[in-house]
Structure formats: structure tokens, C-alpha cells
Colleague: 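Can you keep this structure in mind? I'll have questions shortly.
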Amino acid sequence: MPGGGERYQEFEPPAALKPFVRVIWTYADPDPAPVVQRIAPDGCPELIFDIGAPYEEQDEDGEWRLQPSALFAGQMTRPLALRPVGPTELVAIRFAPDGARDWLGLPLAAATDRRLDMVERLKGFSAPAGDPEAQVAAFTGWLADQRRRAGWTVDPVVRAEIEVAAADRASPVRKPADQRALQRRFADRVGVSPRMLRSVFRFRRVFDHAAHPGRPEAEGWLDAGLEAGYFDQPQMARDFRRFLGCTATEWAREQQALARAIASQSYKPGADHPA
């Protein structure tokens with residue numbers, strides 16, 4: 001959980017946005033430690049608006065570059081490393097895995113492993129500093145207006161497959177042509193394949209199980225991994241390298257602030273989120 005001057009909170013979306021939005025979250029830290037934060041994937045794209053200083057992101061070339069103050073973060077299939085450069089405060093929309101397609105207006109595959117600059121798209125939008133409830137009200141009101149104007153929809157075939165994957169149930173048997181069609185629909189509305197989304201969901205469940213009360217996080221990774229659906233420790237270790245670029249023990253020892261708040265929060269794919 002956040003400590004010191006940190007604040008992390010989650011809010012349930014209004015009814016009109018629930019088919020498309022999982023949760024709205026806010027985070028602030030007036031004096032963040034200048035350390036690298038490794039962000040774990042959770043299978044959901046996000047729209048993020050920085051009220052404080054934007055983070056720096058490490059690019060594939062190893063260089064650190066400042067993120068835009070408003071961005072759309074697509075699905076993640078590889079490590080993401082951030083570090084603060086000043087007092088942080090932000091409000092974010094965590095979409096359903098397939099909930100952002102109509103808002104973005106692009107195939108979600110175009111945003112996979114990318115952070116798209118949304119400064120121009122959010123031009124004129126503002127949210128008050130230091131007031132999470134008002135920030136959420138401003139962001140959800142703006143987004144609800146976007147939904148009304150564009151008439152967003154959900155692809156029932158894609159949504160059904162997401163729900164099956166989130167519940168860790170077997171997918172229905174499909175003909176090869178139907179499976180290829182599903183792959184195309186996932187590329188458009190989710191940004192990754194059904195198989196990749198299942199891998200991300202399984203990885204996400206490790207953090208859910210590791211966060212159980214009474215379990216020492218740094219010592220209980222193997223049990224958490226087995227409960228999440230991994231066969232053994234090496235299989236889980238490969239996914240830690242794949243998605244976070246470090247071992248579970250390194251992550252537990254080094255991560256704090258935003259990365260730990262996001263990884264330990266109560267969101268679970270496919271579940272209704274409490275206010």
C-alpha cells in the first residue's frame with residue numbers, strides 16, 4: 001500500500017461507462033523517490049492524465065524520455081519502466097480489455113506496447129489538484145460525453161472470450177476459420193491475441209494471490225504462482241522476465257510507489273469493482 005505522502009484510490013465507473021471501463025484510479029506522491037518503477041501488465045489499456053509532473057519512460061534504446069501529460073497506454077507484452085521527475089499526481093481510466101476501441105478510433109493493435117500522445121485529444125480538459133473525487137467526476141463526465149456522441153459498442157464474441165479467459169476456463173472449440181476470425185477481432189478490439197491475453201491474466205493473478213493477508217510477499221511467490229495457474233517456478237520466472245524484466249524477488253525488493261500500488265490494488269479482470 002502507499003505510504004508516507006502517497007495516495008492511491010480507485011473508483012467505480014458510472015453505469016453508462018461500466019461496459020467499457022473497469023475502474024478509475026488516482027495517484028499522488030508529493031515527494032516520490034527517484035527510482036525506477038516496473039509496471040506489471042494487467043490486460044487493460046488505460047487513458048492517463050497527469051496533473052503533476054509526467055513520468056520519464058525508458059525506451060527500447062535505453063534512453064529515458066519524458067512522457068506526454070496525457071497519454072493512451074495500450075496493452076503490454078514487454079517490460080515498462082518509469083521513473084518520476086517531480087511531484088506526481090494523476091487520474092486514469094482503466095478500460096476493459098476490449099473497451100477502448102471506439103474511443104481510440106484505431107485498432108488496438110496500433111497501441112500495443114506503446115504510449116500514444118493524447119495531449120491534443122484532451123485539449124481543454126482539466127481536473128483539480130488534490131481532490132480525487134473531483135478529478136474522477138471530471139474525467140468520467142468528459143468520457144461519458146464522448147460515449148454519447150460516438151455510440152460505443154461491444155463485440156459480443158470478443159467480450160465472451162475475454163470473460164472465459166478471465167475466469168481461466170477453456171475456450172470453446174472453433175473451426176480454424178472461426179479461430180482466425182477471432183484473432184482478427186482481438187487485434188482490432190483488444191490489441192493482443194486471445195492466447196497472449198490469457199498469459200497476461202495469469203501473470204496478473206500472481207500479484208492477486210501474493211497480496212493475500214498474512215502471506216510474506218517476497219517469500220510466497222512460488223505458492224502464488226501455482227495458485228495463479230503456473231506449473232512450476234521456472235515457468236513463472238520466464239513470465240517475470242518477459243513482462244517485467246526482472247525476477248519476482250527483485251521486483252518485491254525494489255518496487256515501491258506507483259508500481260506497487262497498481263500491482264497490489266484490488267482490481268481483477270472480469271470482476272465488478274467496488275467503489
Side-chain angles (χ1 to χ4, degrees), residues 1-18 20-40 42 44-58 64-74 76 80-95 99-100 103-104 111 114-149 255-267 273-275:
M1 296 295 292
E6 290 179 78
R7 165 179 54 77
Y8 177 82
Q9 292 176 264
E10 295 181 342
F11 300 83
E12 184 177 7
L17 292 177
K18 278 189 175 182
F20 312 99
V21 174
R22 290 296 193 195
V23 71
I24 306 98
W25 58 274
T26 66
Y27 177 78
D29 188 346
D31 187 25
V35 295
V36 175
Q37 298 294 300
R38 300 180 188 272
I39 305 300
D42 65 6
C44 296
E46 294 189 322
L47 177 61
I48 300 168
F49 181 75
D50 276 294
I51 300 165
Y55 285 78
E56 285 186 329
E57 176 179 343
Q58 189 174 34
W64 290 90
R65 295 180 174 88
L66 197 65
Q67 289 186 329
S69 59
L71 63 86
F72 180 84
M76 290 168 52
L80 169 62
L82 305 175
R83 66 184 183 190
V85 297
T88 61
E89 185 170 10
L90 56 87
V91 57
I93 299 289
R94 181 175 296 128
F95 287 97
W103 180 84
L104 186 62
R114 298 179 62 195
R115 265 57 63 192
L116 305 182
D117 189 328
M118 290 291 149
V119 171
E120 187 62 29
R121 183 80 180 267
L122 271 71
K123 188 176 181 178
F125 173 79
S126 63
D131 189 339
E133 288 79 9
Q135 292 166 6
V136 170
F139 218 174
T140 54
W142 178 85
L143 198 67
D145 184 60
Q146 300 269 311
R147 184 201 64 81
R148 284 192 297 269
R149 293 182 182 185
Q255 296 314 291
Q256 55 182 289
L258 180 62
R260 185 171 291 278
I262 292 174
S264 63
Q265 46 78 23
S266 57
Y267 164 75
H273 198 282

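Values reported hereafter were calculated over all heavy atoms of this structure, with side chains retained and with hydrogens, waters and symmetry mates removed. Just so you know, these numbers come straight off a predicted model, no measurement behind them.
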Colleague: Could you walk me through whether Tyr55 and Leu90 pass the side-chain contact (heavy atoms from CB on, under 4.5 Å) test, one step at a time?
Modeller: CA-CA 10 Å; Tyr55 285 78; Leu90 56 87; 3.9 Å; yes
Colleague: Hey, are the side chains of Leu143 and Phe95 touching, using non-hydrogen atoms and a 4.5 Å cut-off?
Modeller: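 Yes, their side chains come closer than 4.5 Å.
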Colleague: Given side chains that start at C-beta, do those of Leu82 and Gln67 come closer than 4.5 Å, heavy atoms only?
Modeller: yes
Colleague: Hey, are the side chains of Leu47 and Trp103 touching, using non-hydrogen atoms and a 4.5 Å cut-off?
Modeller: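 Answer yes - side chains close enough.
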Colleague: Determine, stepwise, if the pair Phe139 / Leu122 fulfils side-chain contact (heavy atoms from CB on, under 4.5 Å).
Modeller: CA-CA 10 Å; Phe139 218 174; Leu122 271 71; 4.0 Å; yes
Colleague: Measure the shortest side-chain to side-chain distance between Leu80 and Arg115 over non-hydrogen atoms and say whether it is less than 4.5 angstrom.
Modeller: yes
Colleague: Quick one: are Lys18 and Glu12 in side-chain contact, heavy atoms under 4.5 Å?
Modeller: yes
Colleague: Taking it one step at a time, do Asp42 and Arg94 satisfy side-chain contact (heavy atoms from CB on, under 4.5 Å)?
Modeller: CA-CA 10 Å; Asp42 65 6; Arg94 181 175 296 128; 3.1 Å; yes
Colleague: Please find the pair of heavy atoms, one from Pro45 and one from Ala100, that lie closest to each other, and give the distance.
Modeller: CG-CB, 4.0 Å
Colleague: List the steps, then state whether side-chain contact (heavy atoms from CB on, under 4.5 Å) holds for Met118 with Phe49.
Modeller: CA-CA 9 Å; Met118 290 291 149; Phe49 181 75; over 6 Å; no
Colleague: Could you list the donor-acceptor pairs under 3.5 angstrom formed between side-chain atoms of residues 123-130 and any protein atom two or more places apart in sequence or on another chain?
Modeller:
none

Colleague: With a 4.5 Å cut-off on side-chain heavy atoms, are Val36 and Trp64 touching?
Modeller: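 Side-chain contact under 4.5 Å: yes.
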Colleague: Contact between Gln135 and Gln9 at the side-chain level, heavy atoms closer than 4.5 Å - yes or no?
Modeller: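 Counting from C-beta outward, Gln135 and Gln9 never come under 4.5 Å.
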Colleague: Is it true that, when you exclude Arg149 itself, more than 12 heavy atoms of the residues, nucleotides or ligands shown sit nearer than 6.0 Å to its CZ?
Modeller: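 Open.
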Colleague: Kindly say whether Gly52 contributes a backbone atom to a donor-acceptor pair with the side chain of Asp50 at under 3.5 angstrom?
Modeller: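 Checking the backbone N and O of Gly52 against the side chain of Asp50, no donor-acceptor pair under 3.5 Å is found.
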Colleague: Applying side-chain hydrogen bond (donor to acceptor under 3.5 Å, both in side chains), can you list everything that pairs with Thr26, at least two apart in sequence or on another chain?
Modeller: Arg7
Colleague: So, do Ile93 and Leu17 sit near enough that their side-chain heavy atoms are less than 4.5 Å apart?
Modeller: no
